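One structure is given below, encoded as structure tokens.
Numbers here simply count residues along the sequence, with the first being 1. The analysis underlying the following values was restricted to heavy atoms, covering all of them including side chains, and did not include hydrogens, waters or symmetry mates. Given the structure is predicted, the values throughout are model-derived calculations rather than measurements.
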Amino acid sequence: MTGNDPGHVVPNSSGTDRPKTKAPANAADCHMHIYDPRAAQLASRLPVSDAGPPDYRLLQKRIGTSRVVVVQPRNHATNNQVTLDAVAQLGLGARGIAVLHPTVTDAELKRLDAGGIRGIRFSLGDPSTAVVTLDMVEPLAKRIAPLGWHVQLHWPGDMIAENADLLRRLPTPIVIDHMGRLPPAVGTAHPAYPIILGLIEKGRTWVKLGAAYLNTEIGPPRYPDATKIARAYVKAAPQRLVWGSDWPHPSEGNNKPDDALLFDLLAEWAGDEKTLNRVLVSNPEALYGFSAR
């Protein structure tokens with residue numbers, strides 16, 4: 001098929017071409033969201049139109065990934081049923097990340113675990129849209145530790161730096177969203193960067209590459225400031241990196257990025273096929289247990 005084949009049109013994504021980079025077998029997209037307006041609990045300043053599993057399968061077809069991690073969006077607050085349903089629909093190659101409050105029951109934790117949930121997310125950069133709070137992190141981490149889950153943190157770099165002691169004492173693995181949201185003009189000179197590397201060195205922290213548009217002041221097509229940050233992580237800790245598309249790109253409103261371009265950008269960040277396979281296949285298997293379910 002040609003790059004302009006109508007079959008490559010994906011909702012919430014611009015462009016129609018396939019990536020130049022061929023995805024390896026069992027490649028994982030470790031960060032995307034499913035939205036169902038019928039189940040929304042919260043009005044958000046980041047509204048997304050209906051973005052369901054059938055729409056996402058079109059993205060998988062376009063970029064060549066087959067495994068996926070469905071991350072609960074803020075719009076659905078602690079109603080994780082949409083995420084659970086999406087994991088079930090997307091099949092054995094799907095896992096989920098929930099959003100919870102400390103009032104969650106043990107029975108609900110067991111239900112979520114059986115449904116493929118493998119971690120909980122704390123998105124705290126914007127108090128106006130946050131559905132969890134900083135004081136929930138440690139109590140919930142203690143609750144989920146026996147399940148082998150991790151905590152996933154979407155925090156700006158300043159918050160990571162300010163709460164380094166908290167992060168060092170958490171009893172669970174940690175996943176850092178969107179490359180740690182380091183200020184683009186400062187990049188790896190920000191104090192959060194060595195803190196993240198120190199957590200990685202302890203053998204229990206991972207970083208998600210992706211969302212270049214959240215880590216740039218320059219923009220596409222190559223996002224040079226985000227690229228500099230991503231390459232630093234690749235050089236420092238290729239064994240602790242995964243990648244996420246961030247589809248349906250909720251922060252970008254109607255100006256959706258080209259997912260083929262973003263997938264090719266990952267290949268540029270990785271630098272070679274061995275590292276690309278590690279980021280897309282073997283690292284996600286270790287973190288999410290894809291080969292075991």
Interatomic distance, [X] atom [atom1] to [Y] atom [atom2] [nearest 0.5 angstrom]:
{"X": "C30", "Y": "L287", "atom1": "SG", "atom2": "CG", "result": "7.0 Å"}
{"X": "T78", "Y": "L100", "atom1": "OG1", "atom2": "CG", "result": "7.5 Å"}
{"X": "M32", "Y": "L90", "atom1": "CE", "atom2": "CG", "result": "6.0 Å"}
{"X": "L59", "Y": "D259", "atom1": "CG", "atom2": "CG", "result": "5.0 Å"}
{"X": "L241", "Y": "L209", "atom1": "CG", "atom2": "CG", "result": "4.5 Å"}
{"X": "L262", "Y": "T21", "atom1": "CG", "atom2": "OG1", "result": "11.5 Å"}

Mind checking whether [X] and [Y] have side chains closer than 4.5 Å, heavy atoms only?
{"X": "I196", "Y": "W206", "answer": "no"}
{"X": "S245", "Y": "H31", "answer": "no"}
{"X": "P11", "Y": "L58", "answer": "yes"}
{"X": "V99", "Y": "N79", "answer": "no"}
{"X": "I97", "Y": "T83", "answer": "no"}
{"X": "R67", "Y": "R95", "answer": "no"}
{"X": "D85", "Y": "V82", "answer": "no"}
{"X": "N12", "Y": "D55", "answer": "no"}

Under the 3.5 angstrom rule, does the side chain of [X] hit a backbone N or O of [Y] as a donor-acceptor pair?
{"X": "T275", "Y": "G271", "answer": "no"}
{"X": "D264", "Y": "K20", "answer": "yes"}
{"X": "R18", "Y": "K61", "answer": "yes"}
{"X": "K256", "Y": "P248", "answer": "yes"}
{"X": "Y35", "Y": "P73", "answer": "no"}
{"X": "T216", "Y": "A226", "answer": "no"}
{"X": "D113", "Y": "L109", "answer": "no"}

Closest contact, heavy atoms only, [X] versus [Y]:
{"X": "I34", "Y": "G52", "result": "CD1-C, 3.7 Å"}
{"X": "A260", "Y": "P19", "result": "CB-N, 3.6 Å"}
{"X": "G15", "Y": "D258", "result": "CA-OD2, 3.9 Å"}
{"X": "A270", "Y": "V234", "result": "O-CG1, 3.9 Å"}
{"X": "V71", "Y": "Q152", "result": "CG1-NE2, 3.8 Å"}
{"X": "L265", "Y": "P221", "result": "CD1-O, 4.4 Å"}

Do [X] and [Y] have side-chain atoms, one donor and one acceptor, less than 3.5 Å apart?
{"X": "D29", "Y": "T65", "value": "no"}
{"X": "N283", "Y": "Q239", "value": "no"}
{"X": "D36", "Y": "H76", "value": "no"}
{"X": "S13", "Y": "W247", "value": "no"}

Is it true that [X] and [Y] make a salt bridge, defined as a side-chain N closer than 4.0 Å to a carboxylate O?
{"X": "R181", "Y": "D158", "answer": "no"}
{"X": "R74", "Y": "D126", "answer": "no"}
{"X": "D165", "Y": "R168", "answer": "yes"}
{"X": "D17", "Y": "R62", "answer": "no"}

>> The test is ring pair (Phe, Tyr, Trp, His ring centres under 6.0 Å); show your working for Y288 and H150 and say whether it passes.
In response: CA-CA 10 Å; Y288 298 102; H150 60 262; 5.7 Å; yes
>> Within a 6.0 Å radius of atom CZ on R143, are there more than 12 heavy atoms belonging to other residues, nucleotides or ligands?
In response: yes
>> Please check if the number of heavy atoms outside E108 that lie under 6.0 Å from its CD is greater than 12.
In response: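 Yes, CD of E108 has more than 12 neighbouring heavy atoms, counting only those of other groups under 6.0 Å.
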Close aromatic pair by centroid cut-off 6.0 Å: [X] and [Y]:
{"X": "F263", "Y": "W243", "result": "yes"}
{"X": "H178", "Y": "Y213", "result": "no"}
{"X": "W155", "Y": "F122", "result": "no"}

> Going through the checks in order, is the side-chain hydrogen bond (donor to acceptor under 3.5 Å, both in side chains) test met by T227 and W269?
Replying inline: CA-CA 6 Å; T227 290; W269 293 348; 2.9 Å; yes
> Out of curiosity, does L166 fall in the hydrophobic cluster containing V207 (side-chain heavy atoms, cut-off under 4.5 Å, transitive links)?
Replying inline: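 Yes: a chain of side-chain contacts under 4.5 Å links V207 to L166.
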> Applying the 4.5 Å side-chain criterion to the ILVMFWY set and letting contacts propagate, would L134 and V132 be lumped into a single cluster?
Replying inline: yes
> Would L170 and V151 count as a side-chain contact (heavy atoms from CB on, under 4.5 Å) if you check the C-alpha gap in whole Å, the side-chain angles of each, and the deciding distance to 0.1 Å?
Replying inline: CA-CA 9 Å; L170 290 180; V151 295; 3.9 Å; yes
> Hey, mind stepping through L199 and R240 against side-chain contact (heavy atoms from CB on, under 4.5 Å) and telling me if it holds?
Replying inline: CA-CA 11 Å; L199 291 167; R240 287 285 164 165; over 6 Å; no
